[in-house]
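Quick notes on the structure that follows.
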Amino acid sequence: MKLHEYQSKRIFAKYGVPIPKGEVAVSPTQAREIAQLLGGPVVVKSQVLVGGRGKAGGIKLAKSPEEAENYAEQILGMDIKGLTVETVLIDQAADIRKEIYLGIVIDRAVGKPVFIASSEGGVEIEEVAKTNPEAIIRQAVDPLLGLVDYQARNLAFELGLRGKAIVAFVRIAQGLYKAFINSDASLAEINPLVVQGDGSLLAVDGKMVLDDNALFRHPDLAEMRDLQEEDESERIARLADLSFVKLDGEIGCMVNGAGLAMATMDIVKHYGSEPANFLDIGGGAKAEKVATALRIILADPKVKAILFNIFGGITRCDEVAKGILEALNEVPTDIPMVARLVGTNYEEGRAILDAANFPSAQSLGEAAQKAVALAKGETI
Ligand code: GDP
Ligand code: MN
């Protein structure tokens, strides 16, 4: 789950990271009032869950409350990379002398959180990685020790900071690290972290991505979800407790178990097609859940065939077969389908499908080939 800039910065501030004074507005009038209260120049910043808002015209520097109102008028309702701006953040303008990038991600290869920093901040870090990879500094953190003082100081030195900026940077890096760990984030990023004219540091932009699987521990953070900007099918799947990731292919995959879902996607590719989704319907797979999953898959106009791949362990294949047929009653469709059931009661399961003229297959290879053929409009 992605957080908006203003939400991320508020979390950072709780951990001692200095952020500009500011408030969000949903109307131009409100934007003017906030600018008035803040006094002096402000920045009007679109709150949408994509990067590069600056380049897209979604960030404007306003010298007066009237100017802030005008910019808010322009920016609210604006389309930025397919997202409509509903909210703007009005922040006191910073006196920017230098822009630094500072972020934390999990590095799966080393199994640790890793700080990524660059003195080439402001622009997207992927861009720096491409054009100027030497400008990127990394520092892995031992999760048991946290970010140790000397590691934070090393980062500050390598970024070219000197004097009291080093002390300020150490506090910010450690605060960002705590925000990252305590929120179960997969990304926490300040871009840019700016050095101001008076030598102080300020987090001007913020971004956090939270681990959906840990959100149950953070009801306060879960509430921050912006429903409008979440993919419709992924939202329905989340509410139905299905693990679903939309992809670009044409074979809809309905599978019980994450590993099996991965294997199913691999074999679909192996036989020359592309999966339309990753979907783990979990154990049990009652008709209602299968029906919801079916609706989600069918909502994707690219889907040309659906492959059911079910392994019956505790789940019984005859129950699943009944679930599939019941779901089809609820969600009628012309999209061709094939099922491969294996495990507990699979013979009974196949008999149920056969009786209903529902195509099935013995092996996963056979099922995948049939699904690929069906997607091409061939008969099986
Ligand atoms: P992004 O484009 O979505 O990453 O949005 P940012 O919040 O990072 O803003 C983009 C750029 O706008 C920054 O890198 C700064 O150069 C500039 N900017 C943002 N806030 C201020 C500010 O308070 N004062 C000034 N002068 N520039 C700002
Ligand atoms: Mn930025």
Side-chain angles (χ1 to χ4, degrees), residues 2-13 17-25 31 34-65 67-68 71-72 74-76 78-105 115-132 135-136 159 172 176 179-180 185 187-209 226 229:
K2 291 182 187 168
L3 292 184
H4 282 294
E5 173 193 1
Y6 75 93
Q7 297 168 324
S8 309
K9 288 201 297 201
R10 281 179 190 169
I11 294 174
F12 296 167
V17 175
I19 63 166
K21 264 196 197 144
E23 202 43 69
V24 287
I34 295 166
Q36 204 122 39
L37 282 173
L38 292 172
V42 295
V43 265
V44 182
K45 311 185 77 177
S46 53
Q47 298 298 290
V48 279
L49 297 172
V50 288
R53 295 163 303 161
K55 271 190 207 151
I59 292 177
K60 300 272 187 212
L61 189 64
K63 288 183 215 73
S64 65
E67 225 176 55
Y71 282 137
Q74 281 176 29
I75 293 174
L76 286 164
M78 189 186 228
D79 184 274
I80 299 183
K81 300 181 184 171
L83 299 173
T84 308
V85 181
E86 310 273 355
T87 314
V88 286
L89 171 64
I90 313 298
D91 261 359
Q92 225 159 34
D95 172 22
I96 301 182
R97 298 298 157 92
K98 187 175 158 67
E99 301 196 19
I100 290 169
Y101 175 94
L102 185 67
I104 312 173
V105 288
F115 268 88
I116 297 179
S118 173
S119 54
E120 312 270 305
V123 290
E124 286 185 26
I125 195 69
E126 291 82 358
E127 203 46 48
V128 183
K130 251 187 257 162
T131 56
N132 195 7
I136 294 184
L159 286 168
I172 290 171
L176 186 67
F180 173 84
L187 170 83
E189 178 183 277
I190 303 174
N191 187 26
L193 172 65
V194 305
V195 182
Q196 300 196 93
D198 63 1
S200 64
L201 301 185
L202 193 63
V204 159
D205 187 13
K207 179 176 173 185
M208 281 188 104
V209 182
D226 183 342
E229 298 191 3

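Since we're looking at a predicted model, the values are computed, not measured. Both backbone and side-chain heavy atoms feed into the values below; hydrogens, waters and symmetry mates do not. In each ligand, atom 1 is the first atom listed, and ligand 1 is the first ligand listed.
The distance criterion of under 3.5 Å between nitrogen or oxygen atoms is not met by K55 with respect to ligand 1. The distance criterion of under 3.5 Å between nitrogen or oxygen atoms is not met by V50 with respect to ligand 1. On a distance-only criterion, N191 and ligand 1 share at least one N/O pair closer than 3.5 Å. Considering both main-chain and side-chain atoms, L61 never comes within under 3.5 Å of ligand 1 through any nitrogen or oxygen pair.
Taking a cutoff of 4.0 Å between a charged side-chain nitrogen and a carboxylate oxygen, E23 and R10 qualify as a salt bridge.
At the shortest separation from atom 3 (O) of ligand 1 among protein heavy atoms lies R53 NE, 2.7 Å. What sits closest to atom 13 (C) of ligand 1 on the protein, heavy atoms only, is E99 OE1, 3.8 Å. Nearest protein heavy-atom neighbour of atom 10 (C) of ligand 1: I59 CD1, 4.0 Å. Closest to atom 2 (O) of ligand 1, if we only count protein heavy atoms, is G54 N, 2.8 Å. Nearest non-hydrogen protein atom to atom 24 (N) of ligand 1 is A94 O, 3.4 Å.
Numbered from 1 in the order shown, with element, the atoms of ligand 1 that lie under 4.0 Å from a heavy atom of V43 read 20 (N), 21 (C), 22 (C), 23 (O). Annotation for ligand 1: atoms under 4.0 Å from non-hydrogen atoms of V204 are 19 (C), 20 (N). For ligand 1, the atoms closer than 4.0 angstrom to any heavy atom of G122 are 14 (O). Atoms of ligand 1 lying under 4.0 Å from any heavy atom of D205, numbered from 1 in the order shown and given with element: 1 (P), 4 (O), 5 (O), 6 (P), 7 (O), 8 (O).
The 12-atom threshold is not exceeded at NZ of K21, counting heavy atoms of other residues, nucleotides or ligands nearer than 6.0 Å.
Looking at L89, I80, I96, it is I96 that brings a heavy atom closest to atom 25 (C) of ligand 1.
Partner I190 forms a side chain to side chain contact (heavy atoms under 4.5 Å, CB included) with one of V17, D205, L202 and no other, that one being V17. Across L89, I90, D91, a single residue satisfies side chain to side chain contact (heavy atoms under 4.5 Å, CB included) together with Y6, and that is L89. Among D95, I100, I96, L159, the single residue meeting the side chain to side chain contact (heavy atoms under 4.5 Å, CB included) criterion with V195 is I100.
For atom 17 (C) of ligand 1, no protein heavy-atom neighbour is found at a distance under 4.0 Å.
The backbone N or O of P65 lies less than 3.5 Å from no partner atom in the side chain of Q36, so there is not a single donor-acceptor pair. Between the E5 side chain and the Q47 main chain, no donor and acceptor come within less than 3.5 Å of each other. Judged by distance alone, with hydrogens and angles left aside, the side-chain atoms of T131 form a donor-acceptor pair with the main-chain N or O of E127 at under 3.5 Å. The closest donor-acceptor contact from the side chain of E67 to the backbone of K63 lies under 3.5 Å. Checked by atom type and distance alone, the side chain of N191 pairs as donor or acceptor with a backbone atom of V123 at under 3.5 Å.
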Inset, instruction - Would you sort out whether M208 and F12 count as a side-chain contact (heavy atoms from CB on, under 4.5 Å), showing the intermediate values? - result: CA-CA 10 Å; M208 281 188 104; F12 296 167; 3.7 Å; yes
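Of all N/O/S atoms in D205, OD2 sits nearest the Mn ion (ligand 2).
At a heavy-atom distance under 4.0 Å, only side-chain atoms of K45, from C-beta outward, approach ligand 1.
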